[in-house]
Amino acid sequence: MAEKKEKKEKIPRQPMPEQKPEIRRRNFEEVPIGYTPETAMLEASRCLQCKKPSCVEGCPVQVDIPGFIGFIKDGDFTGAIRHLWTKNSLPAVCGRVCPQEIQCEGRCVVGKKGEPVAIGNLERFAADYERKNGSGDLPPKQSPTGKKVAVVGSGPSGLTVAGDLVVKGHDVTVMEAFHKPGGVLVYGIPEFRLPKEIVFSEVNFLERLGAKVECNTVVGRTVSLDELFEEGYDAVYLGVGAGLPRFMNLPGENLIGILSANEYLTRANLMKAYRFPEVDTPIPIGKDVVVLGAGNVAMDSARTAMRLGADRVRIVYRRSREEMPARGAEIHHAEEEGIELFLLTNPTKFVGNEEGRLTGMECLKMELGEPDESGRRSPVAIEGSEFHMDCDLVIVAVGSGANPLLTQSTPDMKLNKWGYIEADPETGKTTKKGVWAGGDIVTGAATVILAMGAGRKAADSIHEYLTWGW
Amino acid sequence: MFKIVRREEMAEGTVILNEIEAPLIARKAKPGQFVILKANEEGERVPLTMAETDSEKGTITIIYMVVGKSTAIFRDLKVGDEYQDVIGPLGKATHLENVGNVVCVGGGTGVAVLHPITRGLKDVGNHVTCIIGARNKDLLILEEQMKAASHDLRVCTDDGSYGRSGFVTEELKDILDSDKDIKLVVAIGPVPMMKFVSKITKEYNVKTIVSLNPIMVDGTGMCGGCRVSVGGETKFACVDGPEFDGHEVDYDELAKRLQAYSEDEKKCYEDYCALENA
Ligand SMILES: Cc1cc2nc3c(=O)[nH]c(=O)nc-3n(C[C@H](O)[C@H](O)[C@H](O)COP(=O)(O)OP(=O)(O)OC[C@H]3O[C@@H](n4cnc5c(N)ncnc54)[C@H](O)[C@@H]3O)c2cc1C
Ligand SMILES: Cc1cc2nc3c(=O)[nH]c(=O)nc-3n(C[C@H](O)[C@H](O)[C@H](O)COP(=O)(O)OP(=O)(O)OC[C@H]3O[C@@H](n4cnc5c(N)ncnc54)[C@H](O)[C@@H]3O)c2cc1C
Ligand code: SF4
Ligand code: SF4
Ligand code: FES
């Protein structure tokens, strides 16, 4: 047994073929190209098929990892995707955007000595293979229950709820404020990381299953939550995300050339402004771009700015590299594309010309002080370290909050002190009867897979309610 | 899809009216609220105020000035054509209250935005005097409708081709000087007009409401592109507005921010016109 294991470890982790940095930094095509069936099978053979797989514990939705990898190893790609679908309805998305290094792959035993099994890449492979070559067969559906469910928001959590409930026979309608469904997957995460075609094909799959998708519907404005019940809906799921941009509240922040990451990415992704003037929505093209913040959103903004033709893109962050919240892979990709990290720096003021256009910012150098209660060393300004930085475009990516549009019109639903909806972590039930919530609007900005996990739990609870009562 | 059921041209074809089938929006819309429209797949999201709504017919009416590529594309839509997307109603509705004597001041297409608000203010019992203005007689819109919506209509043109010669602000000053006890002024129009109206009413200490038109994307408070400074604070016009206390607005900042994409827009409009003429 021990000998067999050793032999397996000799196959190295199969690298993901990628577009070369010097080419991809100026185009919007996807960066990783994907495994071939041969590479996928080779990589799958690195999995030890552990009896007590620790990788599964690292996955928020407990995908049966050795199970689906086993199918790939045997060349049964259809088997692999069917197996994945039992736990994860969006594997093509998760395979691409999950922070695997701190989730499934971070716990893989093979990773203890060498490099972990490329679980994310394999998950992506199985899903892509099915999308391109699959039969398109729909999963079996239970007979109609006559119960109507409204799912508000078409991000990953809403799509998960809709998919789970429609196969259980419920009449599901997804309502989306934007003119296209997909949530952050469509307006936030750029094409080069998650091709939109994948999201639309997932939505199309849901529609073929019988779910209705109504865009251009702003719940709280076009229709209120109570009106949904009056219209005959039996249950409502709120998966409206954390769509409120946070700014720095510094002098000069309303100069032209300072945008929230939400605005910048929405223009680029949802409105396809990188194709302006072929499409009608413009986007500011910065030559000397600064991105404030250091999470995934900041990396996506910086890499978008580079692709739009910037001469220079700097990520300005007040802490050091270790504290950067973005995924390691994203930071690595950004640096490969020539994006500079400008750490331990904090802006204090934005400066502009008479036309009200941004020309630069005043900054302070920071150093890391004593750890605070959270254990993170907090940045402290270095006295007398003021300096000026030229820039013509600043993208503010310092986090987001709860958008009050829907919740403020629903006084009988309890919110926490930051405005997020209070929901039972096990069931997703809110304090308002017949209403569930999950994803970023409950947890604050988190991850795709956590939003989906919350959706799955809520779907189970909604199904139970529709069958047995509140 | 949202079908156009009626189309009219005004002000020598520079201003267009579209009545559009949008039953869900028509049912909920209130004076002061706006919609976002997108003509086609490649189109931009354009915010326009509803000048009229008919909940029984299930239609909304927009009146817009052709100023760039997107509004030129809208102009080219005929009766029976469809907008791909219409989203709304967005923004806060006007707070309609009986305060006594009110003056409504409208300039350019601002008159279209002002119309339902004027009628609403009259319906709740105010005595409404209306001042509308345009550069010249031919560019004046909705004169009849504004007459019907108010008790007293005054018209001004910059060149004196119709009504009083000069700006609406001069007429407003005269009204404020006469001893009518004006409790509220509502001003909607180009940014400079709203700025000067607010300057005057501040001198007279009369509460003033303006409706702001910054560049928008989503209209639901998620992008912050529509931010305006009001009373030294940053507000999102799409959810906190579009109406604000006129005395508190930083008009100069708004005027600058409206120019954010001016070069791109100009180029894109010229290309479109060249294409149309070819
Ligand atoms: C730029 C960016 C990059 C990211 N990168 C990653 C990553 O690499 N990996 C990862 O795991 N996570 C990433 N995330 C986080 C992840 O995308 C979110 O955690 C996740 O999308 C949350 O899903 P959700 O379903 O709760 O909400 P969302 O995806 O935000 O969807 C909510 C939807 O509801 C709609 N909506 C809002 N209000 C209303 C209303 N009143 N009526 C109708 N519809 C409404 C919104 O328009 C939106 O479409 C990223 C986020 C961003 C912004
Ligand atoms: C809440 C609100 C209500 C409005 N109501 C009306 C109305 O009833 N009638 C009317 O004629 N106009 C109205 N406007 C203005 C109208 O939205 C713009 O004139 C229109 O977007 C111009 O688009 P364009 O492509 O034709 O012109 P462009 O060439 O793109 O731009 C011309 C100018 O319009 C402004 N503009 C451009 N894009 C936008 C945008 N996405 N949002 C807002 N402004 C923009 C800019 O100042 C720009 O310089 C309203 C604006 C807002 C925000
Ligand atoms: S869903 Fe995400 S965390 Fe779970 S196995 Fe797949 S990639 Fe890993
Ligand atoms: S821990 Fe690693 S080796 Fe073990 S089952 Fe999971 S992926 Fe395979
Ligand atoms: S238009 Fe995006 S926040 Fe107002």
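Proximity to chain A involves both the backbone and the side chain of B:V239, based on heavy atoms less than 4.5 angstrom apart. The contact between A:F276 and chain B is made entirely by side chain atoms (from C-beta outward), counting heavy-atom distances below 4.5 Å. Residue contact with chain A, scored on non-hydrogen atoms closer than 4.5 Å, involves the side chain of B:F236 exclusively. Only the side chain of B:E41 comes within less than 4.5 Å of a heavy atom in chain A; its backbone stays farther off. Residue contact with chain A, scored on non-hydrogen atoms closer than 4.5 Å, involves the side chain of B:I215 exclusively. If you measure heavy-atom distances from B:Y269 to chain A, you find no contacts under 4.5 Å at all. Proximity to chain A involves both the backbone and the side chain of B:L90, based on heavy atoms less than 4.5 angstrom apart. Only the side chain of A:L405 comes within contact range of chain B, judged by heavy atoms closer than 4.5 Å.
Heavy-atom minimum distance, A:P245 versus B:G221: CD-O, 3.6 Å. Summarising the geometry of B:Y261 relative to A:L259, their closest heavy-atom pair is OH-CD2, 4.2 Å, with the distance given to 0.1 Å. Shown here for A:T222 and B:G88, the closest heavy-atom pair between the two residues is OG1-O, 2.8 Å.
Distance CG/B:D85 to CZ/A:F178: 11.5 Å, rounded to 0.5 Å. Once rounded to the nearest 0.5 Å, the distance linking CD1 of B:I73 with CG of A:D280 reads 4.0 Å. Atoms NZ and CZ, from B:K256 and A:R357 in turn, are 11.0 Å apart once rounded to the nearest 0.5 Å. The CZ atom of A:R221 sits 13.5 Å away from the CD1 atom of B:I87 when rounded to the nearest 0.5 Å. Separating the CD atom in B:Q84 from the CG atom in A:N216 is a distance of 8.5 Å, to the nearest 0.5 Å. Taking CG from B:D218 and CZ from A:R267, the interatomic distance works out to 10.0 Å, rounded to the nearest 0.5 Å.
For the options B:P89, B:A255, B:G225, heavy-atom pairs under 4.5 Å to chain A are most numerous at B:P89. Chain A forms more heavy-atom pairs under 4.5 Å with one residue of B:R257, B:E42, B:M222 than with any other, namely B:M222.
Using modelled atom types, one finds no donor on one side chain facing an acceptor on the other under 3.5 Å when comparing A:N403 with B:T220.
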Derivation of the side-chain contact (heavy atoms from CB on, under 4.5 Å) call for B:K28 and A:S224: CA-CA 10 Å; B:K28 295 280 284 204; A:S224 73; 4.3 Å; yes
Verdict with supporting geometry, B:R227 and A:I258, side-chain contact (heavy atoms from CB on, under 4.5 Å): CA-CA 11 Å; B:R227 55 199 197 277; A:I258 305 175; 3.9 Å; yes
Take A:E355 and B:Q259 through the test side-chain contact (heavy atoms from CB on, under 4.5 Å) and record every step on the way to the result. CA-CA 9 Å; A:E355 284 179 34; B:Q259 297 305 312; over 6 Å; no
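Under a 4.0 Å N-O distance rule, the pair A:E231/B:R27 qualifies as a salt bridge.
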